[in-house]
Amino acid sequence: MSTPLHEWNLAPRDAMALQTELAKRLELSDRLDPVRHLAGVDIGFEDGGATTRAAVVVLKWDPDTAPDLSVIEQVVHREPTRMPYIPGLLSFREIPAALGAFAKLTVQPELVMVDGQGVAHPRRLGVAAHLGLWLDTPTIGIAKSRLTGRHAEVGEQRGDWVPLTARGGEVIGAVLRSRTRVKPVFVSPGHRLSLDTSLQWVLRCLGATKLPEPTRLADRLASRRDQRRG
DNA sequence: GCGACAG
DNA sequence: ATCTTGTCGC
């Protein structure tokens, strides 16, 4: 029996120990297949949190027409929420629903952008890293706020960024000004990708807002507006 | 012991 | 994350 990628009903203490073990399996160098389809994932909640709603949007990536992106598939999956939100243990709460959404896809993406941290996590296993490990797919974490790590002030211009470092100096991500004079986003590789490559992809997928198109669209789908189904 | 704390 | 109107700005 190999260590499971996930188990339910784990006490926080055990969940943390599992994260430490799983983080050892992460690959932080590029092992990326040619990207033809990239996806954005985000989770939302309904019924005061009783229902978890996962949204995945798949975009077509064409080297010739880049950076033009077009949506080719989108899925929404709902299921009962089974874990509370505990800082540091977000993946245990969101991944089950995310997997349900991925299972409904007819096209599997070669790269996935996740709303949350990659390795910029206390035990280096943010939701993007955990999901990447599970799907064995390259993932990038794009968070709207900081969970851990220190960083200097970021320049005000779009594209400016500074490293996010953990105690000891290890670089675990980047604080990126994705829009001029707008609050920066926290980018960190999840799995099978380096920080540099992660930044490259986030930058090339930026549209009119501060979030890259994949997560921006998934955000819209997962949030209680956009009256669609899945 | 006292804060900090993705979504 | 979610609860929520109007309002400021391009």
Side-chain angles (χ1 to χ4, degrees), chain A residues 6 12-13 15-16 18-20 22-23 26 40-57 76-101 112-134 139-151 154 156 158 164-167 172-176 178-191 195 198 202 207-212 214-227:
Chain A
H6 188 281
R13 171 90 186 185
M16 290 168 68
L18 177 57
Q19 292 181 319
T20 299
L22 294 181
L26 294 176
V41 197
D42 190 38
I43 278 64
F45 298 88
E46 304 176 342
D47 312 324
T51 300
T52 299
R53 170 182 41 209
V56 178
V57 175
V76 173
H77 170 77
R78 279 170 241 261
E79 61 176 62
T81 301
R82 48 180 119 189
M83 295 281 283
Y85 166 66
I86 299 174
L89 300 181
L90 182 67
S91 64
F92 291 79
R93 173 174 166 84
E94 301 194 337
I95 284 185
L99 294 177
V112 179
M113 291 188 174
V114 185
D115 195 314
Q117 314 288 353
V119 297
H121 176 280
R123 288 167 296 284
R124 310 293 174 268
L125 197 79
V127 60
H130 200 162
L131 182 63
L133 210 48
W134 192 293
T139 52
I140 300 173
I142 298 93
K144 296 181 288 296
S145 62
R146 186 194 70 91
L147 170 61
T148 190
R150 292 162 25 99
H151 66 86
V154 197
E156 293 293 288
R158 178 184 194 147
L164 178 67
T165 60
R167 290 185 37 134
I172 54 178
V175 185
L176 172 70
S178 50
R179 287 299 285 166
T180 303
R181 267 173 265 110
V182 169
K183 187 183 179 196
V185 294
F186 294 74
V187 178
S188 60
H191 185 43
L195 173 58
S198 298
V202 170
T209 61
K210 76 169 188 177
L211 291 180
T215 46
R216 194 207 108 216
L217 294 171
D219 247 73
R220 197 182 62 177
L221 246 195
S223 291
R224 87 299 185 197
R225 38 185 176 181
D226 206 283
Q227 303 291 307

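Side chains included, hydrogens not; waters and symmetry mates left out as well; all remaining heavy atoms used. So that the names make sense, note that chain A is the first sequence line, chain B the second, and so on, each numbered from 1. Not measured: the values here are computed from a predicted model.
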TODO: Using atom types as modelled and distance alone, determine if a side-chain donor or acceptor of A:Ser91 lies under 3.5 Å from a backbone N or O of A:Val127.
DONE: no
Open item on the list: Just to be sure I understand the rule, does A:Gly44 reach a base, reach only the sugar-phosphate, or reach nothing, if contact means heavy atoms closer than 4.0 Å?
Closed with: sugar-phosphate
Open item on the list: Applying a 4.0 Å non-hydrogen cut-off, can you work out what A:Leu125 is touching in the nucleic acid: base, sugar-phosphate, or nothing?
Closed with: nothing
Task: Nucleotide C:dA1, atom P - distance to CZ of A:Arg93 in whole Å - done: 11 Å
Open item on the list: Could you measure the distance from the CZ atom of A:Arg216 to the NZ atom of A:Lys210? Nearest 0.5 Å is fine.
Closed with: 13.5 Å
TODO: Anything under 4.0 Å to a heavy atom of chain A counts; send over the first and last such nucleotide of DNA chain B, read 5' to 3'.
DONE: B:dA4 to B:dG7
Task: Closest heavy-atom pair and its distance - A:Val76, A:Leu221 - done: CG2-CD2, 3.8 Å
Open item on the list: Using modelled atom types and a 3.5 Å cut-off, is there a donor and acceptor pairing between side-chain atoms of A:Ser198 and backbone atoms of A:Ile140?
Closed with: no
Task: Which atom of A:Ala143 lies closest to which atom of A:Gln117, heavy atoms considered - done: CB-NE2, 3.3 Å
Open item on the list: Do A:Val202 and A:Ser178 make a side-chain contact, defined as non-hydrogen atoms from C-beta onward lying under 4.5 Å apart?
Closed with: no
Open item on the list: For a quick check of understanding: with a heavy-atom distance under 4.0 Å over all strands, which category does A:Gly88 fall into, base, sugar-phosphate or nothing?
Closed with: base
